[in-house]
Asker: 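First, the structure itself, so that you have it in front of you.
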Protein chains: 4
Amino acid sequence: MGPPVRTLQPLPVERGNILLSERRTAYSARVTTGTGSLREAQKALTRSRIIDAARVVFEQQGYAGASIGLITTEAAINRATFYLHFPDKAAVFREVVALDRMHTDEYWRELNTALMAGTREAMSRWILRLTHWARDNASLMPSKHEAMASDPEFAKEFQPRYDRLSEEIAQFLLTVPADDRPDMKVRVQMLVVMLDQMFFHALVQGVWTGGEDQLLRVATDVCCKALDIE
Amino acid sequence: MGPPVRTLQPLPVERGNILLSERRTAYSARVTTGTGSLREAQKALTRSRIIDAARVVFEQQGYAGASIGLITTEAAINRATFYLHFPDKAAVFREVVALDRMHTDEYWRELNTALMAGTREAMSRWILRLTHWARDNASLMPSKHEAMASDPEFAKEFQPRYDRLSEEIAQFLLTVPADDRPDMKVRVQMLVVMLDQMFFHALVQGVWTGGEDQLLRVATDVCCKALDIE
Amino acid sequence: MGPPVRTLQPLPVERGNILLSERRTAYSARVTTGTGSLREAQKALTRSRIIDAARVVFEQQGYAGASIGLITTEAAINRATFYLHFPDKAAVFREVVALDRMHTDEYWRELNTALMAGTREAMSRWILRLTHWARDNASLMPSKHEAMASDPEFAKEFQPRYDRLSEEIAQFLLTVPADDRPDMKVRVQMLVVMLDQMFFHALVQGVWTGGEDQLLRVATDVCCKALDIE
Amino acid sequence: MGPPVRTLQPLPVERGNILLSERRTAYSARVTTGTGSLREAQKALTRSRIIDAARVVFEQQGYAGASIGLITTEAAINRATFYLHFPDKAAVFREVVALDRMHTDEYWRELNTALMAGTREAMSRWILRLTHWARDNASLMPSKHEAMASDPEFAKEFQPRYDRLSEEIAQFLLTVPADDRPDMKVRVQMLVVMLDQMFFHALVQGVWTGGEDQLLRVATDVCCKALDIE
DNA sequence: AATGAATGAGGATTCATTCAT
DNA sequence: TATGAATGAATCCTCATTCAT
C-alpha cells in the first residue's frame, strides 16, 4: 500500500526560520579553506561570516527587506566592514546564491543521466532527488524570485540556468533523432520549469494540498508521458 | 510549410512600458460608474485614478520600487489623499491585481471547456488564448512575482488561484473516473503552473530562445500527452 | 590729536559668534511678509527659520563644517523638513548669501557717487561706510570664501560682483576721457578688491596690527593717489 | 605699440591640472636628501611621496574635498602608513604649503629690492615676477584659501606672511622718514594684499576680463602712485 | 617601517504617515 | 474631500583612525 502519505511540510521559511545556519556555515567555510597566509584566512573568515549572515537575513526578510544593517548586525561586525568586502547588497546576494548554485548544477547534471536511462524508475528517482534539493534551497527561493522580479540584472543572471540546462543534457539529445532535437530541448526545459515551480509552490509557499506521494507520482507520470518514456 | 516563425517578442515591459494605459483606464473606470451620489462619484473617480496610476508605477518600477510618492505623482494628487482611499501600498496593489484577476478567471474557465472537448485542437486553441492573456498581463507580472516573493500575505492571496482553478475544472473532473480524479486535478494544476511560468519566462523575461510556433507546438504536445488526449 | 586710536576689534566671529541673530531674523522675515494666504505664510516662516538657522551655523562652523543636521537642529525642525524647502546645503547657502548681497549692491552703488564727487572727503566717507558693511558681513565671509574656494559654482556665482561693479560705476566712467576708461575700470576694480580683502583680513581674521584710524587713513590715501584725486 | 596683448590664460587649475608634478617632485625630494642612515632615507622618501601626492590631491580636489584615502591612493601607499608620518590632513597641508612658502619668501624679498630702487621700472619688473609666481602657485591657491577660510589655525598660520613681509622690507623702511614708517608699512601691506588677490582672481579664477598687459600696466601704475614713485 | 583589516562616528537622503487647514 | 506641510524612522555610505601582523 505504499509508504504513508506525508503531507508536504511547507517548510517554516516564513521569515524567521533559522534552521539551516549550521549547514550554511559549512557551505561558505568550505570555500575559505586553503587560502594560505593567516591574514587572508582571517579576511576570508569575515567574508564568509558576512555571507552566512546575509543568507540568514535574506531568508528571514526577503530581498527588499534585507538591509545591510541587518546583515552586519547578524554577522556581528561593523557596518563599514561590510563595504570592505562587498560593494552592495546585490553583491552578497550573488555570492549567497552562488553557493547554492554549485549544488544546483550538480543536480541538473543528474537529469542527463536519468534521461539517458530512459526509464520511469530513473525519472522517478531524479524527481525525488529534486524534492530534496528544493527542500534544502527552499528558504532562499523567495528572495531569489524577489530579486529576479525586481532587478533585471538578476533575472539575466539567474535565468540562464535554463539555457545552460540544455547544454547539460546535450548528451541525451544526441540519442534523439536530429530532427526532433530542437523540440525535445524545449520539451525538457518546460518540464524542468514545471517541476521547479511546482516544488516552489509546494514546499516554499505551502499551497499544495495533496500529499508528497501524490505529487511525486503525478509529476513522474507527466514527465514520462511528455517524454514518451515507457 | 506552416505560418512563419515569429520569435516571441519579449515584450518591452522593462520598466517603462506604457502601452496598456488606455485599457487600464477602462478597467478601473468600469468599476467607478453607476455608484450613486455626486460625492461618491467623485471619490470613486479619485480612487480609480489612484489605481490606474498605481498600475503604471508598478509596471515601471516593480513592487518594491514603487513608492506612494511615485503613485500620487503619477495620479497628480496629493500624497495625503492616497491615505483617504487606501491604507498602504499593498492595498492598492491588491486592487490593481484584482482587476487583472477578473480576466484571469475568465480565461481559466475556458480551460474547463477545452478539457471537456478533449481534443488536441481545443487544447491548442486554449494555449494560444493563454499567450494572449500572458501578453496582456506581462507588464504587471514582475511586480506580482516580487510581491508574492516578498510578502507572504500576497503569496497566500494570489496563489490560491491554483486551488480555485481545480474548482473551475470541476465539471471536467466529473467526466473522469472517480478514482483518478485527485491525480487528474494535480496533473492539470501542474500543467497550468508550467504554462504560466513558461509564458512568464518567454514573454516577460525574454529568456526563451525558440520561436513562438515551437513554443506553442511543444506546449500543446506536452499537455496532450500528459492528459492522454488523442 | 585726533580721535583715539581704537584697535580694530577682529570681530569675535571665531565660530561661536551669535551676535547678529537678531538682525538676521529681520533680514529673512522681511522677505516673508505680504505673501497672502495663511498656509503660504507658515511655509515662508519655516523657510526663513531655516535660512536664519543656516546663517548661524555657517557663521559658526564654516561652509564645510556646516551639516544639514546642525542647521535643522538650530532651526528646531525635523531634518526631513529641510528637504521640503531646499535641495541641499548649497541652496540654502545661496539664499543666505543673497540676503547679504542685497545690501552689498547698495553699498557698491555708493562708490559711484563717491567717485563722481571726486574728493578725498567723499572717498574717505565711502571707505568708512565700507568698514561698517564689512563689520556687518564679516561673520559670513569665511564661509563665503570657503565655498568659493571649494566649489567652482560658487566662485562663478559670487565673483561676478567685481564685473557687475564696473557697471555700477558706469556713470563715473563717462566723466573720464574715453581713452582712459578701460584702464580706469581696472584701476577701480583693483582698489575695490584691495579694500575688500583688506577689511576681510583686518576685521574677520584679525591679522591687522594697526589701529582703525591708520587703516582708514592709509586706505583713503592709497585710493586717492591711485585715482588722481586731489 | 607695445607687446601683443595676451589674454591672461586663467590657468587650467580647475581640479584636474597635473602640470606641475615634475617640479613638485623636485621640491620635496630636495628636502629628503642627505638625511643620513638608510632607514631614515627610506622614511624620508615615503614622507616626500605623501607630500607630493597630497599636493596633487589638494590641487585637484580642494582642501575639504581631499581625503586621506585619496592622498594615500595617489601616493600608492597604505592608508595607515600616512599616520606614521602625519597626524592628520592639516599637517600634510602645512608641509605642502611650506614648500611653496620657501619660494614665496624669496619673491617677497625681491620686493624690498624693488622698493629700494624706487623706480617705476623696478616695480614693474617685480610685479611681472609676481605674476610668474602666481602662475606657478595658482593651482594650490584655492585649497589655501579654503583652508584659511575654514580653519582659523591656518588663517593664523598663513596670514602672518603679511606681517613678516613688513620685516622683509625693513631695509626699505629705513629709507623713509621715521614718522612715515608706520603708514608706509601699512601702505605696502595693502598693495601686496591687492596684488596677491588680484592675481588670484585673474589667474586662478579667471574672472578678469582685460589682457595681461593692461593688468600689469595698471597694477604698476597704482602701486607707483600709491608709493609716490616717480 | 609598512600593511591589511576592522571600526566608530557622522552625514545625506528618502519614505510612509499624520496633522491642521 | 483634498491638500500642504511637517515629521520620525530607516537606510546607505564615507571617512578618519586604530590594531594586529
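So you know, we letter chains A, B, ... as the sequences are listed, proteins then strands, and number each from 1. When reading the values below, keep in mind they use all heavy atoms of this one structure, side chains included, and skip hydrogens, waters and symmetry mates.
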Asker: Would you call Val97(D) and Phe154(D) a side-chain contact if the rule is heavy atoms closer than 4.5 Å?
Answerer: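 They are not in contact (no side-chain heavy atoms under 4.5 Å apart), so the answer is no.
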Asker: For Ala75(C), is there any backbone N or O sitting under 3.5 Å from a side-chain donor or acceptor partner on Arg49(C)?
Answerer: yes
Asker: Give the rounded distance in Å between these two atoms: CG of Leu70(C) and C1' of dA9(E).
Answerer: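 Interatomic distance, CG of Leu70(C) to C1' of dA9(E): 14 Å.
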Asker: Measure from NZ or CZ of Lys89(C) to the centre of the six-membered ring of Tyr63(C), then state whether that distance is under 6.0 Å and the direction lies within 45° of the axis.
Answerer: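 Pair Lys89(C)/Tyr63(C) counts as cation-pi.
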Asker: Want to settle it: does Ala76(A) or Pro87(B) sit nearer the 5' end of DNA chain E, counting the closest nucleotide to each?
Answerer: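 It is Ala76(A), whose closest nucleotide lies nearer the 5' terminus.
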Asker: Rounded to whole Å, how long is the line connecting atom CZ of Arg79(A) with atom P of dG10(E)?
Answerer: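 Those two atoms, CZ and P, are 13 Å apart.
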Asker: Using whole Å, what does the distance between atom P of nucleotide dT13(E) and atom CD1 of Ile71(C) come to?
Answerer: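 So the two atoms are 12 Å apart, to the nearest Å.
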Asker: Can you confirm whether Val92(A) sits close enough to Phe82(A) that some side-chain heavy atom of one is under 4.5 Å from a side-chain heavy atom of the other?
Answerer: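 In contact.
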Asker: Do Glu59(B) and Pro142(B) come close enough that some side-chain heavy atom pair is under 4.5 Å?
Answerer: no
Asker: Angle class for the His145(C)/His145(D) ring planes (parallel below 30°, perpendicular above 60°, tilted otherwise)?
Answerer: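 Plane angle under 30°, so parallel.
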Asker: Does dA1(E) have OP1 or OP2 under 4.0 Å away from a side-chain N or O of Thr46(D)?
Answerer: no
Asker: Classify Thr81(C) by what it touches in the nucleic acid, base, sugar-phosphate, or nothing, heavy-atom distance under 4.0 Å.
Answerer: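 Thr81(C): base contact, heavy atoms under 4.0 Å.
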Asker: Check the distance between dT14(E)'s P and Asp88(C)'s CG and give it to me in whole angstrom.
Answerer: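 Rounded to whole Å, this separation is 11 Å.
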Asker: Using a heavy-atom cut-off of 4.0 Å to chain C, what are the terminal contacting nucleotides of DNA chain F, in 5' to 3' order?
Answerer: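 Listed 5' to 3', the contact boundaries are dT3(F) to dG8(F).
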Asker: Pick the closest DNA chain F nucleotide for Ala80(A) and for Ile77(B) by heavy atoms, then say which residue is nearer the 5' end.
Answerer: Ile77(B)
Asker: In whole angstrom, what separates His85(D)'s NE2 from dA1(E)'s P?
Answerer: 8 Å
Asker: Using whole Å, report how far CZ of Phe86(D) lies from C1' of dA1(E).
Answerer: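 It works out to 15 Å between those atoms.
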Asker: Does Thr72(B) use its side chain to pair, donor to acceptor, with the backbone of Asn78(B) at less than 3.5 Å?
Answerer: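 The answer is no, because no donor-acceptor pair under 3.5 Å joins these two groups.
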Asker: Take the protein atom NZ of Lys43(A) and the nucleotide atom P of dT3(E), then report the distance between them rounded to whole Å.
Answerer: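 Result: 15 Å.
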Asker: Please map the stems of DNA chain F, keeping only stretches of three or more Watson-Crick or G-U wobble pairs with both distances under 3.5 angstrom.
Answerer: E:2-21 with F:2-21
Asker: Using modelled atom types and a 3.5 Å cut-off, is there a donor and acceptor pairing between side-chain atoms of Ser150(B) and backbone atoms of Gly62(A)?
Answerer: no
Asker: Starting at the 5' end of DNA chain E and moving along, which residue's nearest nucleotide shows up first, Arg47(A) or Phe82(B)?
Answerer: Arg47(A)
Asker: Base, sugar-phosphate, or nothing: which does Leu84(D) touch, judged by heavy atoms less than 4.0 Å apart?
Answerer: base
Asker: How many Å lie between OH on Tyr83(C) and P on dG11(E), as a whole number?
Answerer: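 Going from Tyr83(C) (OH) to dG11(E) (P), I get 11 Å.
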Asker: Between Phe86(A) and Ile68(A), is any pair of side-chain heavy atoms under 4.5 Å apart?
Answerer: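 Of all side-chain heavy-atom pairs linking Ile68(A) with Phe86(A), none is under 4.5 Å.
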